[in-house]
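So the structure is just underneath, and the comments pick up after that.
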Amino acid sequence: AREAAAAATAAVVEAGGVSLEGVIVDSGRKEVEFELSSLQLEHAKTTKSGWPATDAAALRELAGRPSEDPPVFGSAYGAFGGGEVGEEACRALEALCQMGAIDTMLSNFILPLQDLADGTSRIHCSLNLNTETGRLSSRTPNLQNQPALEKDKYLIRDAFVAAPGKALVVADYGQLELRLLAHMTACTSMVEAFKLGGDFHSRTAMGMFDHVRRAVEDGTCLLDWDYSQGEPPAPLLKDLFGSERRRAKTLNFSIAYGKTAHGLSKDWGVSIDEAKEMLRAWYADRPEVLQWQKDTIASARATGATRTLLGRYRTLPGIQGRNGAVRAHMERAAINTPIQGGAADIMTLAMIKLQRSEKLREMGFRNLLQVHDEVMFEGPAELADEARAEVVACMERPFDENLPSLLVDLVVDANTASTWYEAK
DNA sequence: TCAGAGAGCGCC
DNA sequence: AAAGGGCGCTCTCTGA
Ligand SMILES: Nc1ccn([C@H]2C[C@H](O)[C@@H](COP(=O)(O)OP(=O)(O)OP(=O)(O)O)O2)c(=O)n1
Ligand SMILES: [Mg+2]
Ligand SMILES: [Mg+2]
């Protein structure tokens, strides 16, 4: 990683022969900001306080995709007068962006984790119950935000290893909050979709990306698989197109929790009309979700509070006030908290069941970590499969048997492996 | 030297 | 209009 950082720095300095040079040497984001305002670029994005934004999205817009096969140069091209200089500027900005990503990996994860290891090379965080919704949070270090999937290119999760002779069981709910949304809004089409099966985020990914849809249609990969039927005959979409599915997930929850056409257009690089069409399409066969949102906001406005699935409440200061931005934020919180908090309700019940499980106790499996809708257990490797089944059973049936169940099943994806990375 | 604010970014 | 929600950490700058 250090070498990669050095290489990227060198690349930036080399490419930055143009007037970006001064920027690069210190390579702090603040210097970029300063330079951007003096360049008088047509810089769409600004921060709260009115300065030009220097986040990855802003740099990407300036840089374009200068390293792709037919290169696409961003808005910095013209700002630097085009030609070779304009191209160099775009390449420099792209390298700067890459360097920022490497820097984040080093400063936030790779270096601090090594300092925090105890005498047996294990890491211990605190888990706190201090959130607005009833989720847990994790600190010193935060183990709930370790790089995942394509972002984990240095295999940080591979450094989380079971003790010798032991194995990890990592179990994560499938589309948890979408299932809860289906239940709480009593949305017919969503409930039916979950009954039919087929990973919801994967379906969204098919709709978003032609290459993904084609891969499903020609059998290159499967939408989903029921592992009680044995091994799948082809790879799953989730594994073959992990990053596309992750983008689909982001889109699903963004829309469900109140993303506007304005925000969609900005984040996904589509026109306002296209963004409106995305919203229309998402809600078209889910009118119950829209109605539930209206009702929930109305009730929150009347009472100044909102409630989770199991009735815990959150007050929403400002939802009755005159500040439009604050009010809008609280309205979105009013529709998110019942679901996110409801998911926390479910996970809490599941963790109680897991803690009370005689089987897990006898097998010697202990809970190491919770990541909102995921748990990680560790225990004797030879018992891992048995433990995995028990973890899945506890999580899929978190409620007391005499309580009414949800309109949808809870499905848990669980794997055993010796590292967190392999257990994906 | 220290605390707080902003910006930015990692995860769910 | 701070234009999905929920977190914690690092870095920089500022003012006491
Ligand atoms: N960008 C995101 C990612 C996640 N979540 C919330 C909703 C998810 O249901 C929950 C758990 O995150 P997961 O990454 O586990 O997502 P899912 O459970 O929905 O999907 P998967 O089937 O991949 O587990 O966190 C969210 O609000 N916004
Ligand atoms: Mg999940
Ligand atoms: Mg998860």
Side-chain angles (χ1 to χ4, degrees), chain A residues 26-34 45-59 97 100-113 116 125-152 154 156-157 172-173 175-177 181 201 246 249-268 272 275 279 282 293 306 308 314 316 318 323-344 347 369-375 420:
Chain A
D26 290 333
S27 81
R29 291 191 170 96
K30 283 284 171 300
E31 281 77 6
V32 182
E33 186 178 293
F34 178 78
K45 218 179 142 192
T46 58
T47 66
K48 264 191 215 180
S49 50
W51 290 91
T54 59
D55 61 16
L59 293 185
C97 200
I102 292 166
D103 199 44
T104 296
M105 289 298 130
L106 280 169
S107 330
N108 284 18
F109 304 107
I110 296 170
L111 298 177
L113 280 176
L116 287 162
C125 68
S126 306
L127 287 176
N128 319 292
L129 219 175
N130 59 356
T131 64
E132 295 287 348
T133 58
R135 276 188 175 187
L136 302 183
S137 74
S138 165
R139 61 185 294 264
T140 47
N142 183 358
L143 295 182
Q144 291 177 325
N145 74 339
Q146 297 299 311
L149 300 179
E150 75 273 12
K151 283 274 175 61
D152 189 15
Y154 302 115
I156 291 167
R157 281 160 105 111
D172 185 304
Y173 284 105
Q175 308 109 66
L176 179 57
E177 290 182 26
L181 185 69
H201 300 312
R246 189 185 186 75
K249 184 189 293 188
T250 301
L251 182 68
N252 278 332
F253 291 118
S254 300
I255 294 178
Y257 295 138
K259 190 100 165 168
T260 60
H262 179 282
L264 275 180
S265 143
K266 184 166 60 69
D267 288 359
W268 295 83
I272 291 281
L279 286 175
W282 201 92
Q293 291 175 345
T306 191
T308 72
R314 169 183 178 181
L316 299 162
N323 183 324
V326 171
R327 195 173 60 239
H329 189 243
M330 285 302 107
E331 287 176 358
R332 292 188 296 271
I335 62 176
N336 170 270
T337 291
I339 313 288
Q340 184 186 126
M347 182 47 117
L369 183 65
Q370 182 251 46
V371 190
H372 310 303
D373 78 331
E374 167 186 347
V375 289
W420 200 2

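Keep in mind it's a predicted model, so treat the numbers as computed, not measured.
Nucleic acid contact for A/Arg332: sugar-phosphate only, since backbone atoms but no base atoms lie under 4.0 Å from a heavy atom of the residue. At a threshold of 4.0 angstrom between heavy atoms, the contacts of A/Arg314 are confined to the sugar-phosphate backbone, with no base atom among them. Across all strands, A/Asn130 comes closer than 4.0 Å only to sugar-phosphate atoms, never to a base (heavy-atom distances). Note on A/Gly263: only backbone sugar-phosphate atoms sit closer than 4.0 angstrom, heavy atoms only; bases stay farther off. Backbone-only contact: A/Ala148 has heavy atoms under 4.0 Å from sugar-phosphate atoms and none from a base. Residue contacts shown for A/Thr337 are absent, as no nucleic acid heavy atom lies under 4.0 Å away. Nucleic acid contact for A/Ala56: sugar-phosphate only, since backbone atoms but no base atoms lie under 4.0 Å from a heavy atom of the residue. Residue contacts shown for A/Gln340 include a base, since a base heavy atom lies under 4.0 Å away.
Annotation: side chain to side chain donor-acceptor pair (under 3.5 Å) contacts of A/Asp172 (sequence neighbours excluded): none. Considering only residues two or more places apart in sequence or on other chains, A/Lys249 meets the salt bridge (charged side-chain N to carboxylate O under 4.0 Å, His left out) condition with none of them. Residues forming a ring pair (Phe, Tyr, Trp, His ring centres under 6.0 Å) with A/His201 (at least two apart in sequence, or on another chain): A/Phe253. Residues meeting the side chain to side chain donor-acceptor pair (under 3.5 Å) test with A/Thr337, sequence neighbours left out: A/Arg314. A/Arg246 is linked by a salt bridge (charged side-chain N to carboxylate O under 4.0 Å, His left out) to nothing, counting only residues two or more places apart in sequence or in another chain.
Each end of the helix from B/dT1-C/dA16 to B/dC12-C/dG5 gets its own rotation axis from five pairs of C1' atoms, and the angle between them is 0° to the nearest 10 degrees.
For A/His262 and C/dA2, the shortest distance from a side-chain N or O to OP1 or OP2 is not below 4.0 Å. Taking only side-chain nitrogens and oxygens, A/Arg246 comes nearer than 4.0 Å to OP1 or OP2 of B/dC12. The phosphate of C/dG8 has OP1 or OP2 within less than 4.0 Å of a side-chain N or O from A/Ser137.
The listed nucleotides are C/dG8, B/dC12, B/dC11; the one nearest the side chain of A/Asn142 is C/dG8.
Straight-line distance from the CG atom of A/Asn145 to the C1' atom of B/dC9: 9 Å, rounded to whole Å.
With hydrogens and angles ignored, no donor-acceptor pair closer than 3.5 Å exists between the side chain of A/Arg139 and the base of C/dC9.
You'll find the side chain of A/Ile156 reaches within 4.5 Å of the side chain of A/Met105, heavy atoms only.
Nucleotides B/dG6 and C/dA3, compared at atom P, are 15 Å apart to the nearest Å. A gap of 15 Å separates the C1' atoms of C/dA2 and B/dA5, to the nearest Å.
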